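All values reported here derive from a predicted model rather than from experimental measurement. Reminder, nothing fancy here: chain letters follow the sequence lines and each chain counts from 1.
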Amino acid sequence: MIKLTLPDMSIREYENGTKAIEVVKSISEGLARSVVGASFNGKTIGLQEQINEDGNIKFLKFEDKEGKDVFWHTSSHILAQAIKRIWPEAKLAIGPSIDNGFYYDIDLDYRLVQEDFEKIESEMKKIVKEGLELERFELPREEAIKFMEEKEEPYKVELIKDLPADAIISFYKQGDFVDLCAGPHLESTKKPKAIKLLSIAGAYWRGNEKNKMLQRVYGITFEKAKELEEYIHMIEEAKKRDHRKLGKELELFFMSEEGPGFPFFLPKGIEIKNELLKYWREVHKKAGYVEIETPLMLSRHLWENSGHWDHYKDNMYTVKIDEEDFCVKPMNCPGGMMVYKNSMHSYKDFPIKAAEIGRVHRHELSGALHGLMRVRAFTQDDAHIFMLPEQIKDEIKNVANLIDGMYKTFGFTYHVELSTRPEDFLGDLKDWDMAESSLKEALEELGLNYIINEGDGAFYGPKIDFHLNDCIGRTWQCGTIQLDYQMPQRFDLEYVGADGQKHRPIMIHRVAFGSIERFFGILIEQFAGAFPTWLSPVQVKVLPISDKFNDYAKKVKEELEAFNIRVEIDTRAEKIGYKIREAQLEKVPYMFVVGEKEAEGNSVSVRERQKGDIGSMSTKEISDIILNKIKTRENDSPQ
RNA sequence: GCUGCCGUGGCUCAGCAGGUAGAGCAACGCACUCGUAAUGCGUAGGUCACCAGUUCAAUUCUGGUCGGUAGCUCCA
């Protein structure tokens with residue numbers, strides 16, 4: 001979370017008329033401001049907003065975040081109470097609210113199954129009907145421990161024992177059910193009327209895989225049945241755009257048992273991937289990058305030198321060749337270092353920006369794999385920037401702007417996180433402090449709001465991560481900017497400075513798409529498979545009314561191909577309605593229907609996937625429209 | 001990797017209280033030659049993920065392996 005000092009309270013009226021008392025802190029002298037909390041009508045809420053270039057704050061979203069937290073947290077207590085009523089021997093662990101609902105971790109020998117949900121739900125509904133009041137009370141530490149020991153709740157006892165000696169320990173009581181809890185809570189159990197338990201899964205006590213695995217029951221509640229219906233509807237809609245489902249249906253990629261985590265790209269998927277790379281190369285060339293390529297496999301010595309062997313050898317693929325160990329690269333940086341070392345560098349050449357579309361392999365845990373989002377072989381749009389210390393801030397800003405521009409092309413929203421020094425870091429503290437403060441300063445000068453993840457940095461340096469939002473509210477790390485003082489040292493990189501002496505350059509690792517596979521997965525979901533015209537694997541489908549017009553259709557196809565438009569033709573002996581239906585399901589942006597009328601008038605009847613039939617025009621006319629969309633990379637997805 | 005659930009033709013799924021399987025879509029063939037989201041008829045396609053065990057008999061029961069999946073853990 002953002003660390004705040006000196007909160008400044010003010011009343012602000014937003015464009016939509018919402019009045020809110022907000023706590024605002026300027027995190028630098030510039031424009032960067034961050035709203036961390038606000039209250040509205042006496043309720044604590046969360047706000048999301050954007051700072052415009054003129055310094056005015058534009059209201060984006062009003063979300064009763066805290067209110068939902070309380071609502072769902074109380075719901076989790078109701079869940080726990082219901083479970084204790086049915087299985088009195090269940091031991092309670094923790095039960096917080098989450099972004100969408102809540103869960104409760106319990107230790108119970110009986111294995112819960114989906115069929116138990118109905119029983120638990122109806123018990124919860126009973127508790128809601130009883131409208132039990134939630135009463136808060138406090139106990140000194142020792143008494144609190146004794147209290148929970150008597151209740152035979154070992155997990156609660158452990159939690160209390162971890163609290164400081166002088167801590168005031170609070171409990172919440174509803175009817176005969178009492179739970180250790182800091183609160184706050186609803187006044188009574190009567191509000192969460194619409195209840196749905198969602199799933200059950202294993203979870204380690206305190207998130208540590210060495211601890212016992214508990215049963216975690218997920219649920220969600222609402223005040224009104226209609227809200228629950230809407231939520232379920234939303235989940236179902238989101239499932240329809242799951243990239244794994246669409247990837248199969250639209251023949252973009254597939255997975256095989258022969259290569260778990262190694263995606264196969266089909267012709268249509270590759271069209272999109274290539275289009276992304278084409279865009280990427282344009283952007284990077286303009287930004288002064290050069291492109292290189294380094295080997296897929298390099299000697300183990302190199303990975304020992306880089307420090308990756310020590311940190312990640314269990315996740316690296318290795319192979320023995322001529323009695324020597326080789327590692328399939330899990331990262332591109334050592335290769336990049338070697339390219340740098342291949343020649344002498346002057347301070348005048350800096351910054352040097354060497355980009356690489358690098359295929360990397362990492363042996364991720366089997367349980368972590370998830371479609372294209374988490375794979376074992378992926379393509380990074382990597383780049384290493386070598387520079388002078390005084391260039392750091394500007395270069396970080398350049399990269400952040402480049403990433404921002406690229407994401408905007410796709411209409412993505414994102415948030416930024418800054419990850420700082422981990423426990424198993426390399427190098428000395430002084431360099432780390434400098435690296436972290438450079439990243440912070442760059443972010444602040446850019447006016448970007450960010451979250452700090454203490455101790456979450458890479459072993460060689462702190463990093464700024466860009467997280468994209470997907471269609472069901474999850475976020476995925478894509479872009480990253482990592483500052484690195486270590487690799488240049490380990491690989492003994494040098495440049496000749498103005499003083500004629502040799503110096504050590506500073507390096508940035510960065511990716512914009514991150515993993516092209518992951519980015520592609522998010523794209524599929526973002527557009528629900530209906531890609532903007534410039535990205536569509538098939539941009540036009542020519543549909544002859546009957547096979548009498550196949551020749552004319554072929555002529556139209558050739559005309560479009562001459563313009564480099566991706567075009568397919570459907571000459572099957574099917575009815576036009578059927579051909580249109582299939583082209584619609586393939587989400588092709590343009591369908592050209594051709595029959596007698598068109599063949600005679602040398603034209604095509606254009607159908608857009610969203611608008612339907614838009615009338616007849618010449619091939620040249622419609623081609624110009626399409627070519628312009630491709631050229632400007634217009635986001636014309638109907639999503 | 002851990003826990004739960006799942007694994008039947010290319011896809012979506014049905015079936016089997018144990019007697020070696022069925023539908024729709026897709027594919028292929030024939031007829032129809034059609035004007036903006038599914039023309040009709042026919043054909044072919046599966047050692048029911050894999051390996052053991054129980055049994056006269058296993059796709060069905062049991063165990064293991066592999067893979068998928070929801071979470072947990074991890075994510076350079």
Side-chain angles (χ1 to χ4, degrees), chain A residues 98 103 105 111-114 198-218 242 244-245 248-249 251 254-261 303 306-316 329-334 360 362-371 373-376 378 380 419 422 424 426 456-461 463 465 476-477 480 482 484 486-487 509 514-515 518 543-550 572-585 591-598 605-609 612-616:
Chain A
I98 51 177
Y103 67 79
D105 281 350
R111 284 255 157 249
L112 291 170
V113 289
Q114 295 272 340
L198 299 168
S199 65
I200 179 151
Y204 302 108
W205 165 234
R206 307 199 123 181
N208 187 331
E209 61 182 324
K210 292 192 177 77
N211 288 342
K212 182 165 185 184
M213 185 165 278
L214 310 173
Q215 303 193 66
R216 177 170 296 178
V217 180
Y218 287 87
D242 189 310
R244 294 167 298 189
K245 179 175 144 68
K248 198 183 283 184
E249 285 172 6
E251 296 178 328
F254 70 93
M255 295 288 188
S256 160
E257 285 196 14
E258 307 297 338
W303 302 103
S306 70
H308 290 100
W309 182 259
D310 269 356
H311 280 81
Y312 294 107
K313 59 174 170 292
D314 292 342
N315 295 320
M316 286 163 74
K329 67 176 177 184
M331 286 198 92
N332 302 299
C333 23
V360 296
R362 299 178 180 179
H363 189 260
E364 304 287 2
L365 290 177
S366 59
L369 301 179
H370 181 94
M373 305 299 202
R374 195 79 186 275
V375 289
R376 284 176 173 160
F378 59 101
Q380 288 183 317
S419 298
D424 60 341
L426 286 184
D456 236 15
F459 67 85
Y460 47 73
K463 55 180 188 159
D465 293 328
W476 297 95
Q477 186 196 313
T480 177
Q482 309 182 351
D484 189 346
Q486 308 312 318
M487 295 297 145
H509 309 250
S515 144
R518 172 179 291 181
L543 311 173
I545 295 277
S546 77
D547 45 15
K548 278 193 280 191
F549 310 106
N550 282 356
R572 293 175 304 172
E574 295 289 353
K575 282 185 157 182
I576 191 65
Y578 182 75
K579 292 183 182 180
I580 286 170
R581 179 182 153 79
E582 290 222 324
Q584 283 286 155
L585 292 175
M591 285 151 263
F592 291 0
V593 175
V594 296
E596 193 176 0
K597 208 166 58 189
E598 290 75 18
S605 279
V606 181
R607 184 185 162 96
E608 278 188 13
R609 61 184 165 195
D613 190 354
I614 58 165
S616 148

Applying salt bridge (charged side-chain N to carboxylate O under 4.0 Å, His left out), name anything that partners A:K212, two or more places apart in sequence or on another chain. A:D107

The criterion is salt bridge (charged side-chain N to carboxylate O under 4.0 Å, His left out); which residues satisfy it with A:K313, sequence neighbours excluded? none

Heavy-atom contacts, protein to nucleotides 66-76 of chain B, under 4.0 Å, summarised as B (base), S (sugar-phosphate only) or - (none) per nt, yield -SSSSBBBBBB

Close N/O contacts between protein and nucleotides 9-12 of chain B (under 3.5 Å):
unit_1, atom_1, unit_2, atom_2, d
B:U12, OP1, A:K248, NZ, 3.3

Could you list, one pair per line, each protein nitrogen or oxygen that sits under 3.5 Å from a nitrogen or oxygen of nucleotides 45-48 of chain B, together with the distance?
none

Salt-bridge test for A:R581 and A:E574: reply yes if a basic N is under 4.0 Å from a carboxylate O, no otherwise. no

List for me each residue that meets salt bridge (charged side-chain N to carboxylate O under 4.0 Å, His left out) alongside A:R206, sequence neighbours excluded, and say none if there are none. A:E158, A:D162

Holding to ring pair (Phe, Tyr, Trp, His ring centres under 6.0 Å), I want the full list of residues that pass it with A:H311, two or more places apart in sequence or in another chain. A:F459

Listed partners of A:R216 passing salt bridge (charged side-chain N to carboxylate O under 4.0 Å, His left out), at least two apart: A:D105

Using ring pair (Phe, Tyr, Trp, His ring centres under 6.0 Å) as the criterion, list what pairs up with A:F592, not counting sequence neighbours. none

Side chains of A:H363 and A:N315: donor-acceptor distance under 3.5 Å anywhere? no

Identify the stems formed by RNA chain B, where each pair is Watson-Crick or G-U wobble with both distances under 3.5 angstrom and a stem is at least 3 consecutive pairs. B:1-7 with B:66-72, B:10-13 with B:22-25, B:27-31 with B:39-43, B:49-53 with B:61-65

Protein-proximity profile, nucleotides 30-36 of chain B, B/S/- by nucleotide at the 4.0 Å heavy-atom cutoff, equals --BBBBB

Side-chain donor-acceptor contact under 3.5 Å, A:S616 with A:E598: no

Got a sec, which residues hit ring pair (Phe, Tyr, Trp, His ring centres under 6.0 Å) with A:F254, two or more places apart in sequence or on another chain? A:F264

